[in-house]
Amino acid sequence: PVFPTRLRSFEVETRKVQKSVEKARPWARRINYILKPRMTGLTTGRVATRITGLAVVLSGVIMIPLGFIPMLPFILGLTTLVLGLGLTARDGVLILIGYALFAVGLYFAMPGFGGF
């Protein structure tokens with residue numbers, strides 16, 4: 001890839017990077033404790049990943065035209081985050097939480113139910 005000259009000449013002191021890593025390490029340990037491979041049937045395989053991908057795509061598609069509904073973009077964005085973390089960590093429990101968030105988002109997006 002071609003980077004602008006300013007970006008190519010950008011340097012960060014090693015001391016600052018090490019300090020940032022030390023600050024982030026406790027949070028990474030906490031997250032690593034929570035995220036673990038569970039219920040991997042929901043995170044592996046062609047069907048499971050396609051269903052999760054469809055939920056993420058639909059969240060984005062719904063979010064664009066219905067962004068004026070309060071809290072809907074937040075719920076759908078959180079859905080994408082949770083499903084992405086679930087796939088990355090192979091955590092089926094997180095995938096189920098993501099599906100539940102997606103269902104809540106759909107509920108508020110549907111006319112005549114909780115939506116507009």
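- No more than 12 heavy atoms of other residues, nucleotides or ligands sit less than 6.0 Å from atom CZ of Arg46.
- Looking at residues two or more places apart in sequence or on another chain, you find a side-chain contact (heavy atoms from CB on, under 4.5 Å) between Leu78 and Phe74, Leu81, Val82, Leu101.
- Considering only heavy atoms from C-beta on, Met39 comes within 4.5 Å of Leu96 through its side chain.
- Here CG of Leu58 is found 7.5 Å from CG of Leu106. Values are rounded to the nearest 0.5 Å.
- For the 3.5 Å distance criterion, the side chains of Tyr99 and Thr79 fail to qualify, holding no donor opposite an acceptor.
- Other residues, nucleotides and ligands contribute over 12 non-hydrogen atoms within 6.0 Å of the NZ atom of Lys36.
- A heavy-atom distance below 4.5 Å is found between the side chains of Leu87 and Thr52.
- The hydrophobic clustering, which links ILVMFWY residues whose side-chain heavy atoms are closer than 4.5 Å, places Val17 and Leu7 apart.
- Val57 and Ile62 fall into different hydrophobic clusters, where Ile, Leu, Val, Met, Phe, Trp and Tyr residues are linked whenever their side-chain heavy atoms come under 4.5 Å apart, directly or through other members.
- Between Arg90 atom CZ and Leu85 atom CG the span is 14.0 Å, to the nearest 0.5 Å.
- Cluster annotation: Val61 is not connected to Val104 through the hydrophobic network of ILVMFWY side chains, with a link wherever side-chain heavy atoms come within less than 4.5 Å.
- Separating the CG atom in Leu94 from the CG atom in Leu83 is a distance of 8.0 Å, to the nearest 0.5 Å.
- Looking only at side-chain heavy atoms (C-beta outward), Thr43 and Asp91 stay at 4.5 Å or farther from each other.
- Between Glu22 and Arg25, at least one side-chain N (NZ, or NE/NH1/NH2) sits under 4.0 Å from a carboxylate O, which counts as a salt bridge.
- Applying the side chain to side chain donor-acceptor pair (under 3.5 Å) test to Arg6 and every residue at least two apart in sequence or in another chain returns nothing.
- Both Val12 and Val21 belong to a single network of hydrophobic side chains, linked directly or stepwise wherever heavy atoms of I, L, V, M, F, W or Y lie under 4.5 Å apart.
- Of all non-hydrogen atoms in Ile95 and Leu42, the two that sit nearest each other are CG2-O, 4.0 Å.
- Between Thr49 and Thr44, every side-chain heavy-atom pair lies at or beyond the 4.5 Å cut-off.
- Test Thr80, Leu54, Ile75 against Ser59 for side-chain contact (heavy atoms from CB on, under 4.5 Å) and you get one pass: Thr80.
- The minimum heavy-atom distance between Gly41 and Ala48, with the atom names listed, is O-CB, 3.7 Å.
- Not counting sequence neighbours, the partners of Glu13 by the side chain to side chain donor-acceptor pair (under 3.5 Å) test are Arg15.
- Closest heavy-atom contact between Gly105 and Leu72: O-CD1, 3.3 Å.
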